[in-house]
Amino acid sequence: MRDRIGTIENRISIRSIATDPRAKAAVHSSKTLQVKGVENVEISDLIWFDPPLDDEARATIAQFLVDPLLQRATWGIESSSASHTVEIAFLPGVTDSEAREVQRAASVLGIDVKAVATGRRYEIHGPVTAEGVAMLTRRLLANSVVERWAINDFVDPPIGVLASVPDPVARIPLGDDAALDALNRERAMALDAEELRVIRDYFSSLGRDPSDVELEMIAQTWSEHCAHKTFRARLFDEHGNELKSLLGRIKEATEKIDAEYVLSAFVGNAGIISYDGEYTLALKCETHNHPSAVEPFGGANTGVGGVIRDILGAAHDPIACTDILCFGPQNLHVDQLPEGSLHPQRIHDGVIAGVADYGNKIGLPTIAGAVLYDPGYVANPLVFAGCIGRSTLSAPSLSGPNVGDAVVVIGGRTGRDGIRGATFSSLTMDASTGEIAGASVQIGDPLTERLVMEVLSEARGLYTAITDCGAGGLSSAVGEMAEGIGARCELDLVPLKYSGLAAWEIWLSESQERMVLAATNPEPLRQLCLEKGVDFAVIGTFTGDNKLIVTASGEVVIDLDMNFLHDGRPQRQMEFVAPLARGREDVPKLKSSIVETLLQLLQHPNIASKASVVHRYDHEIGGATVVRPLSGSELDGHSDGTVWIDPRREAGFAIGIGVNPWFGLGDPEAMGWLVVDEAIRNSVCAGANPKKCSLLDNFSWGDPRDPIVLGQLSSTVDGMCAASLAFNAPFVSGKDSLNNAWTEADGSRSAIPPTLVVTAVSEIEARNVVTSGLKTPGNVLVLIGSTHAEFGGSHLGMILEDPRGVVPRIDEAAPSRYNRFHDAITKGLVRSAHDCAEGGLGVSIAEMCIGGRLGADITMLPTPDSVIGWFSESTGRIVVEVEPKDLREFQDTMGESVLVIGTVISDPTLKLLNDGSVAIADLLAAWQS
Amino acid sequence: MKSPKALVVAAPGTNRDADVALALELAGATPQRVTPTELESNPRLLVEAEILVLAGGFSYGDNTGAGRLFALGLETHAGEKLRDFIASGKPVIGICNGFQALVRAGLLPGSQGRAALGHNTSGTFDCRWVELKPISKKCVWTRNLTANIECPIAHGEGRFVCDEDTVAILRAADSIAFTYVGQNPNGSVGDIAGICDESGVVLGLMPHPENHVLVRQNPRGRTTGLGLDLFRSGVRYATER
């Protein structure tokens with residue numbers, strides 16, 4: 001038992017003199033959670049020191065930590081008039097980078113400190129019940145996944161915790177099928193019966209039992225997360241006909257297109273393309289859904305860190321990030337919250353803070369994204385984190401690993417954080433997920449990754465192969481690198497955060513910010529890491545015997561044939577049922593005027609301004625963001641695509657995002673096509689060249705073992721591949737996150753809407769850049785593309801709660817239309833352009849007016865029916881602003897009928913033909929509400 | 001004319017060093033990236049340099065408070081040499097995290113009082129474009145500026161805080177370098193975006209003029225308000241000094 005009083009006495013509490021913004025947020029959120037009586041909250045940051053500091057050391061450290069103009073500090077116990085106090089500290093082993101830096105400062109200041117921990121203290125004022133405080137703490141202030149707390153008591157900091165003695169390596173006998181099933185559940189391996197039998201047969205042929213390390217490694221390597229078993233499975237429809245695997249279809253489309261600029265697709269960590277003559281880009285988008293559901297900040301934070309490492313693992317310098325986020329309704333009543341789920345507002349705030357924290361601190365601009373809201377994402381939010389990296393065509397190629405190369409680990413140290421993340425991602429969730437998945441969520445450390453990034457940007461030529469330590473940790477990284485060559489590693493050589501880790505924990509740990517490299521001569525790399533202050537260790541050798549041998553203190557704990565590990569998994573066979581035919585061409589009945597309806601659409605969370613999110617991200621660093629997510633005369637309009645151009649070059653790329661799960665609910669195949677179209681259209685609207693476009697696919701789906709869910713997935717892949725071929729735009733990388741489903745308290749199963757995110761990255765020249773805000777009164781507004789009665793999945797249907805209608809049909813003329821539209825841009829004929837998407841033409845024009853703070857006089861609609869004309873979400877359409885003198889040439893260039901729909905006017909009013917008019921200020925107020 | 005050497009000091013976690021290096025280069029200087037420890041291990045660096053820049057970013061991850069560990073590192077490794085550099089009249093600029101470090105290190109506002117940079121009143125990190133009015137005719141970085149500068153902010157702790165005496169002293173001494181025009185993005189006292197020391201050679205500011213050195217970086221397509229003018233001004237002073 002440690003001396004608790006000693007610890008309490010030896011802590012400093014620091015509080016802000018001005019109102020702490022976190023306190024304001026806590027009071028606000030208590031109302032969302034229906035916790036009554038919270039009148040005021042005060043917050044202190046706590047820092048514990050071990051061993052106790054003397055008065056002089058206290059004064060020195062306080063002088064450093066406390067700015068008297070901003071803060072007040074107390075050593076020991078604070079007196080308080082609060083009704084309740086809540087103190088929160090990290091669990092042992094959770095990354096506490098603040099504590100590390102305090103320790104660093106103490107050492108510079110000449111104070112000898114063995115351990116430091118940080119936490120926080122809430123003082124809650126007002127007539128709150130004990131249950132209310134407990135609820136507030138559990139649901140809002142703390143997270144049991146990474147933290148512990150004490151209500152009306154002092155919390156114990158995670159210091160002075162004795163290292164546990166590691167569990168010895170266990171040899172595990174594999175019994176009959178029932179025993180295998182029990183073992184599978186006990187170790188959360190997420191394997192199926194056939195896979196378990198193959199593993200049993202393998203070890204039975206070796207005449208020995210597997211070690212726990214071996215079993216964990218196989219479970220990780222064969223997890224859905226790492227092996228993409230569904231995307232590689234043999235698929236059979238309901239009539240027993242076999243179809244090509246999902247991944248096979250996507251790859252086939254890319255091979256057919258055979259674009260000269262694609263250098264590597266669906267191999268390694270990211271897709272690689274050439275651009276702007278001498279450069280290459282690495283493209284990747286990842287999902288981090290389950291971790292973000294249970295620990296929003298840490299989940300999103302490490303999602304960003306992880307995708308940046310994917311780019312580092314493709315030997316490229318990261319240059320920009322993207323993020324696409326899907327949340328439940330922010331005003332959800334707490335009674336409707338599934339047991340065990342965090343409130344959507346908490347998830348929203350935590351995820352955005354997590355994305356911002358990592359991207360801003362590592363120093364990469366977050367330049368493109370989307371935020372979607374739907375009740376289907378309440379228990380299972382989606383976080384898609386993307387990263388783009390750059391290198392040069394002349395960079396040394398990676399030929400390794402070669403026999404004799406060292407296995408090198410650099411970056412963060414290995415701890416017990418992030419155990420079994422790969423298998424966790426491959427399970428569906430239920431009320432207890434937050435607790436059992438505790439160890440699989442981590443908090444990132446962007447500073448360490450920044451330094452790793454700096455090392456790697458100077459380390460070209462010093463290594464022969466590289467990969468990131470992501471899901472599955474060293475097991476996955478070394479296992480993949482050693483494929484076809486073999487390796488021997490010693491776990492005692494892996495730098496640890498603390499002692500007491502079992503062998504399998506070291507091998508499987510998903511501690512962040514680590515990279516694995518193969519180096520023929522590791523010395524220069526070691527030197528570089530030393531200069532930058534990055535941990536470096538040689539943990540083994542690539543051998544050439546095609547076996548993976550791992551030892552712990554010399555004892556062999558893994559002895560696996562690489563062929564078995566990578567090719568031994570039985571290919572899955574799965575059945576699906578094709579989705580039913582589409583709906584009918586119904587037109588929803590408005591409940592109010594066109595103007596009122598338009599204002600309601602502008603207020604819909606999916607359409608309304610995302611400025612409050614966008615401003616949280618640094619989109620300026622690097623000086624290359626030429627079109628930001630927000631643009632227009634007041635810099636508050638939404639851009640279609642965003643544009644990145646190196647300040648020293650004249651060409652770069654535009655990013656367009658396509659996502660529309662509501663189309664997927666009605667017609668998955670159409671959705672596949674339509675989101676490709678939308679992503680490309682967005683980049684083309686920004687001025688990019690559609691003939692130099694590469695695509696990323698990201699699927700977040702329900703449980704594919706449900707034949708209907710798998711059928712939706714299969715149809716979506718078909719639609720997406722058809723669009724890829726039609727637009728001649730190849731997919732170069734993708735990622736699927738399946739099992740986004742959960743068990744409700746009553747045992748029923750729910751799943752997210754089928755969600756496909758497509759990211760289009762297209763080359764652009766600086767002189768062709770176009771934005772969406774209106775530019776000059778007197779210019780002509782033109783609509784290109786055709787409009788039909790298509791309301792399936794539309795936002796009009798959503799606000800009217802009328803789900804009738806047909807999902808927009810694909811527009812086969814769109815690819816050639818975008819090519820000609822790009823020709824018009826290169827001829828300088830386009831002043832502004834904005835695509836028609838959620839909310840249709842009405843919303844599109846309203847957003848252009850908001851962007852330019854100019855009015856528009858609409859004198860012609862594409863259809864006689866004004867509901868269809870204003871609100872249908874037909875695809876393939878762009879509103880274009882053209883100078884009157886250029887109209888004829890624009891029409892000639894487009895070569896198809898284009899519809900002149902009105903003019904730009906200086907009067908700040910949107911005139912809606914026969915349907916009234918509305919002031920731009922009113923549009924803006926609705927959109928920003 | 002000889003291109004003056006500009007040291008860009010980057011601590012672990014500094015991330016706008018490349019951006020400011022480009023700005024210095026376009027303004028006619030020759031930038032060199034150095035760490036605080038290199039200032040100590042290679043004393044010639046500060047002797048040979050004509051300009052010193054503390055770049056923006058999240059040095060040490062902003063842990064323990066923005067700029068605090070950066071300031072501690074500067075003081076530990078180069079405190080005296082840094083004061084000599086300033087005393088010799090060579091221009092110094094700290095941007096964003098660099099400004100926070102200069103304030104923490106006591107180099108700003110220097111003998112004119114006490115100041116701090118607190119959390120934005122919004123409570124969150126904020127990235128947006130702002131307009132800056134150059135005020136000081138004493139500061140070597142701003143005195144030749146004739147027009148307002150437009151550039152982004154990107155910070156969570158940019159609220160300039162000081163007591164009333166210090167504001168009065170700064171005003172009287174012409175040490176307020178920039179104020180925000182229109183929207184005050186972070187709640188700074190007196191809309192103050194940047195200040196200089198009593199001698200006018202040390203400038204600290206929260207916004208990022210280094211991210212507006214090309215016309216195409218202007219989000220409204222304007223050709224005016226380049227942040228590059230600020231760097232040209234500092235480089236010209238260093239050259240003619």
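Just so we're on the same page: letters track the sequence lines, and every chain starts at 1. Note that the coordinates shown come from a computational prediction; the quantities given were computed from them, not determined experimentally.
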Measure B/L214 against the heavy atoms of chain A and call it side chain, backbone, both or neither at under 4.5 Å. side chain
Heavy-atom cut-off 4.5 Å, strictly under: side chain, backbone, both or neither for A/A18 against chain B? side chain
Under 3.5 Å, side chain of B/Q217 to main-chain N/O of A/G623, donor-acceptor pair present? yes
From CG (A/D67) to CD (B/Q100), nearest 0.5 Å: 11.0 Å
Go through A/T118, A/V108, A/I14 and name the one with the most non-hydrogen pairs under 4.5 angstrom from chain B. A/V108
B/T37 versus chain A, heavy atoms under 4.5 Å apart: side chain, backbone, both or neither? neither
What do you reckon, is NZ of A/K610 surrounded by more than 12 foreign heavy atoms closer than 6.0 Å? yes
Tell me, yes or no, whether the heavy-atom count around A/Q63 atom CD, taken from other residues, nucleotides or ligands under 6.0 Å, exceeds 12. no
Bottom line for A/L451: the part with an atom under 4.5 Å from chain B's heavy atoms is side chain
Backbone N/O of B/F58 and side chain of A/R450: donor-acceptor pair under 3.5 Å: no
Could you list the residues that satisfy salt bridge (charged side-chain N to carboxylate O under 4.0 Å, His left out) with A/R767, not counting sequence neighbours? A/E765
Heavy-atom pairs under 4.5 Å with chain B are the metric here; pick the option from A/E634, A/K24, A/H619 that has the most. A/H619
Taking every heavy-atom pair that is under 4.5 Å apart, which of A/V769, A/N360, A/D45 has the most such pairs with chain B? A/N360
Heavy atom to heavy atom, less than 4.5 Å: which residues from residues 12-22 of chain B reach chain A? B/P12, B/G13, B/T14, B/N15, B/R16, B/D17, B/D19, B/L22
If I compare all heavy atoms of B/A154 with all of A/D618, which pair ends up nearest, and what's the gap? CB-OD2, 3.6 Å
Assess the residue pair A/L70 and B/R159 against the criterion (side chain to side chain contact (heavy atoms under 4.5 Å, CB included)); give the C-alpha distance rounded to whole Å, side-chain angles, the decisive distance to 0.1 Å, and a yes or no. CA-CA 10 Å; A/L70 303 171; B/R159 178 171 52 94; 4.3 Å; yes
Atom group of B/E25 that falls short of 4.5 Å from chain A, counting heavy atoms: side chain
Under 4.5 Å from a heavy atom of chain B, the part of A/F64 involved: both
How many angstroms lie between atom NE2 of B/H119 and atom OG1 of A/T19, to the nearest 0.5 angstrom? 13.0 Å
Applying salt bridge (Lys or Arg N to Asp or Glu O under 4.0 Å) to A/D636 and B/R128, what does each step give before you reach the verdict? CA-CA 10 Å; A/D636 57 5; B/R128 66 178 68 236; over 6 Å; no
With side chain to side chain contact (heavy atoms under 4.5 Å, CB included) as the test, pick out the partner of B/C127 among A/R616, A/E620, A/R628. A/E620
To the nearest 0.5 Å, what is the distance between CZ (A/R648) and CG (B/L26)? 7.0 Å
Sequence neighbours excluded, which residues qualify as side-chain contact (heavy atoms from CB on, under 4.5 Å) partners of B/L226? B/H212, B/L228, B/D229
Please confirm whether the backbone N or O of B/G61 pairs with a side-chain atom of A/K361, one donor and one acceptor, at under 3.5 Å? yes
Taking A/T771, A/L635, A/L364 one by one, which has the highest count of heavy-atom pairs under 4.5 Å against chain B? A/L635
Among A/A105, A/A99, A/G632, A/P647, which residue forms the greatest number of heavy-atom pairs with chain B at distances under 4.5 Å? A/P647
Contact class of B/T76 relative to chain A, heavy atoms under 4.5 angstrom: side chain
Where does A/S633 contact chain B at under 4.5 Å (heavy atoms): side chain, backbone, both or neither? backbone
Where do A/R649 and B/R216 come nearest, in terms of heavy atoms and distance? O-NH2, 2.6 Å
Among the listed options B/V161, B/L117, B/L69, B/N120, the residue most often paired with chain A at heavy-atom distances under 4.5 Å: B/L69
On a heavy-atom basis, the closest approach of B/R68 and A/V66 is NH1-N, 3.7 Å
The interface call for A/A766 against chain B, heavy-atom contacts under 4.5 Å, is side chain
Using the test side-chain hydrogen bond (donor to acceptor under 3.5 Å, both in side chains), find all partners of A/E98 that sit at least two apart in sequence or belong to another chain. none
In terms of heavy-atom proximity below 4.5 Å to chain B, should A/I362 be classed as side chain, backbone, both, or neither? backbone
